[in-house]
K.L.:
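What follows is a structure written as structure tokens; I'll ask about it next.
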Amino acid sequence: MALNSYDEWSPLKEVVVGSAANYTSHERELSFDLFFHDNIAGDNSTRSEWYYPRLTVGGADEGDTGRDGARRGRVPIKQRYVDELVEDLEGIAEALTGLGVTVLRPMDLDPATTDVRTPAWSASVVPPLNIRDNTLILGDEIIETPPMIRSRYFETQFLTPVFQRYFVQGARWTVMPRPLMTDASFDLDYARESTIGGPTEPIGAPSHSPYDVGTEMMFDGAQVLRLGRDLVVNVSTTHHALACDWLERHVGDRYRIHRVHRLSDSHIDSMVLALRPGTLLVRSEAVAEKLPAALRKWDRIVAPAPESDNFPRYEDEDLVLTSPFIDLNVLSAGPDTVLVNEACPELARTLEKHGFTVVPVRHRHRRLFGGGFHCFTLDTVREGGLEDYLG
Ligand SMILES: N[C@@H](Cc1ccc(O)cc1)C(=O)O
Ligand SMILES: NC(=[NH2+])NCCC[C@H](N)C(=O)O
């Protein structure tokens with residue numbers, strides 16, 4: 001089928017489901033620490049100290065601490081969690097197939113590949129799991145976005161067979177400018193403004209590189225909420241602002257872009273999701289204040305507050321990457337059908353009360369691997385078109 005994905009809810013025909021094969025570790029280095037640093041976690045009702053276990057015990061086994069006292073090096077991930085994640089991903093793919101959706105997969109990470117390397121740096125590689133992040137599908141166009149984490153620099157290459165196929169069938173295929181991504185490329189002030197903690201405080205001191213060019217464009221597809229011809233784009237840093245300028249120049253004649261200022265640190269999809277025209281799923285009522293006026297008129301379903309016992313218990317050395325709100329990161333298979341984590345019966349009941357059919361799917365380690373069903377998928381073919389839902 002030809003690439004056609006303009007919104008988050010219309011009947012889903014084809015989807016890519018991420019791969020976790022050969023996930024072994026996270027590398028603690030400047031770009032990783034900055035990305036997972038949490039400044040904004042919603043309003044007072046959703047901010048909480050129990051988000052992330054404090055890093056009393058560091059998991060890093062190499063390099064240990066940098067000169068700034070920040071942890072450095074590879075934090076191993078237990079094989080059991082990776083195996084369970086691979087199993088859950090199969091379950092997600094099967095659930096989607098069962099709904100009549102064609103499921104595509106990226107290439108797996110080859111275990112012999114250990115690092116990514118550019119002229120300026122190298123970092124350990126991670127598999128193409130949260131594939132929502134590094135690609136933005138806008139209608140008939142694939143846009144590979146400029147990564148914020150070094151380990152993920154070439155992640156979209158695992159999707160090349162998928163993208164090539166859509167290209168042959170007529171899709172546009174664009175790669176946004178790639179950052180040199182030295183330490184000097186990052187806006188460190190953002191992380192130093194404030195923090196509610198997060199898995200990675202404190203942020204390291206930057207090193208000098210012959211490739212320093214100053215602040216660069218960095219941005220993830222997951223910062224965009226797609227509503228037909230309207231795009232809501234979360235902009236929190238100078239990196240995002242540059243990328244949004246690029247997006248406006250590139251697609252501004254086809255789409256209306258609404259910038260929202262610091263709705264979240266980066267990704268928008270654990271703050272607000274569009275479930276059907278006229279209905280949003282939000283983390284809290286306060287989200288509405290930041291939304292464009294036309295979208296504030298839509299109904300809002302506030303996700304029930306997560307309880308800590310929804311999650312597996314982890315050890316101090318297991319790095320927890322997401323907030324407990326990650327389960328509101330659902331995937332719509334259609335305007336009335338939603339994939340919901342089976343660990344969240346309260347969310348399922350809330351959605352059912354609003355007339356949705358809920359498909360419960362198992363996904364245990366979303367907090368360790370940074371994503372729910374929306375993050376792990378890339379919806380490439382849906383029925384909807386370039387429509388005006390806000391008019
Ligand atoms: N603070 C970020 C951290 C994060 C981003 C992406 C992830 O996959 C996981 C965590 C969030 O709110 O978006
Ligand atoms: N597309 C994604 N990877 N989204 C993940 C967002 C997770 C968000 N930081 C949270 O903790 O809730």
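Every value quoted in this text rests on a predicted model; they were computed, and no experiment measured them. When a ligand or atom number is given, it counts from 1 through the structure's own listing order. For the numbers below, each heavy atom of this structure counts, side chains included, while hydrogens, waters and symmetry mates do not.
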K.L.:
Any idea which atoms of ligand 1 are less than 4.0 Å away from a heavy-atom of Gly370?
P.N.:
7 (C), 8 (O), 9 (C)
K.L.:
Run the ring pair (Phe, Tyr, Trp, His ring centres under 6.0 Å) test on Tyr190 and His239 for me, step by step, so that the C-alpha distance in whole Å, both residues' side-chain angles and the decisive distance to 0.1 Å come before the verdict.
P.N.:
CA-CA 11 Å; Tyr190 179 76; His239 314 298; 8.9 Å; no
K.L.:
Within ligand 1, which atoms have a heavy atom of Asp265 less than 4.0 Å away?
P.N.:
1 (N)
K.L.:
Heavy-atom contacts with His267 under 4.0 Å: which atoms of ligand 2 show up? List them by number with element.
P.N.:
1 (N), 2 (C), 3 (N), 4 (N), 5 (C)
K.L.:
Compute the shortest N/O to N/O distance between Ser264 and ligand 1 and return yes if it is under 3.5 Å, no if not.
P.N.:
no
K.L.:
Would Asn329 count as a polar contact of ligand 2, with the cut-off being nitrogen or oxygen pairs under 3.5 Å?
P.N.:
no
K.L.:
Would you name the heavy atoms of Met271 and Val287 that are closest together and state the gap between them?
P.N.:
O-CG2, 3.8 Å
K.L.:
Heavy atom under 4.0 Å from ligand 2: found in Asp220's side chain, backbone, both, or neither?
P.N.:
neither
K.L.:
At a non-hydrogen distance cut-off of under 4.0 Å, which region of Leu321 contacts ligand 1 (side chain, backbone, both, or neither)?
P.N.:
backbone
K.L.:
With respect to Arg132, determine whether any N or O atom, backbone or side chain, lies less than 3.5 Å from an N or O atom of ligand 2.
P.N.:
no
K.L.:
Go through ligand 2 atom by atom and flag the ones less than 4.0 Å from a non-hydrogen atom of Asn130.
P.N.:
3 (N)
K.L.:
So, Asp33 and Arg28, do they make that salt bridge, N to O below 4.0 Å?
P.N.:
yes
K.L.:
Between Phe167 and Phe163, is the ring pair (Phe, Tyr, Trp, His ring centres under 6.0 Å) condition met? List the steps.
P.N.:
CA-CA 6 Å; Phe167 178 77; Phe163 293 167; over 10 Å; no
K.L.:
Would you please name every residue forming a side chain to side chain contact (heavy atoms under 4.5 Å, CB included) with Pro11, sequence neighbours left out?
P.N.:
Pro335, Glu383
K.L.:
Do any pairs count as a ring pair (Phe, Tyr, Trp, His ring centres under 6.0 Å) and have a residue in residues 96-152, sequence neighbours left out, and if so which ones?
P.N.:
Trp121-Tyr153
K.L.:
In ligand 2, which numbered atoms sit nearer than 4.0 Å to a non-hydrogen atom of Gly370?
P.N.:
3 (N), 5 (C)
K.L.:
At a 4.0 Å cut-off, with the gap strictly under it, does some heavy atom of Arg367 reach an atom of ligand 2?
P.N.:
no
K.L.:
Quick check on contacts: which atoms of ligand 2 are under 4.0 angstrom from a heavy atom of Ala222?
P.N.:
1 (N)
K.L.:
Output yes when the distance from some N or O of ligand 2 to some N or O of Thr322 is under 3.5 Å, and no in every other case.
P.N.:
no
K.L.:
Start with the C-alpha distance between Val126 and Leu109, add both sets of side-chain angles, then the distance that settles side-chain contact (heavy atoms from CB on, under 4.5 Å), and finish with yes or no.
P.N.:
CA-CA 8 Å; Val126 292; Leu109 168 64; 5.9 Å; no
K.L.:
Ring centroid separation for Phe35 and His267, is it under 6.0 angstrom?
P.N.:
yes
K.L.:
Should the ring pair His26 and Tyr23 be called parallel, tilted or perpendicular, given that the plane angle runs from 0 to 90° and is split at 30 and 60?
P.N.:
perpendicular
K.L.:
What atoms of ligand 1 come closer than 4.0 angstrom to any heavy atom of His267?
P.N.:
5 (C), 6 (C), 13 (O)
K.L.:
Is there a heavy atom of Gly371 sitting under 4.0 angstrom from any atom of ligand 2?
P.N.:
no
K.L.:
Against heavy atoms of Cys375, which atoms of ligand 2 measure under 4.0 Å?
P.N.:
1 (N), 2 (C), 3 (N), 4 (N), 5 (C)
K.L.:
Testing Leu99, Leu331, Thr337 for side chain to side chain contact (heavy atoms under 4.5 Å, CB included) with Leu12, which one passes?
P.N.:
Leu331
K.L.:
Using a strict 4.0 Å cut-off to heavy atoms of Ser323, name the atoms of ligand 2 that fall inside it.
P.N.:
10 (C), 11 (O), 12 (O)
K.L.:
Over 60° means perpendicular and under 30° means parallel, so tell me whether Tyr81 and Tyr314 are parallel, tilted or perpendicular.
P.N.:
perpendicular
K.L.:
Pairs of nitrogen or oxygen atoms closer than 3.5 Å, one from Phe35 and one from ligand 1: do any exist?
P.N.:
no
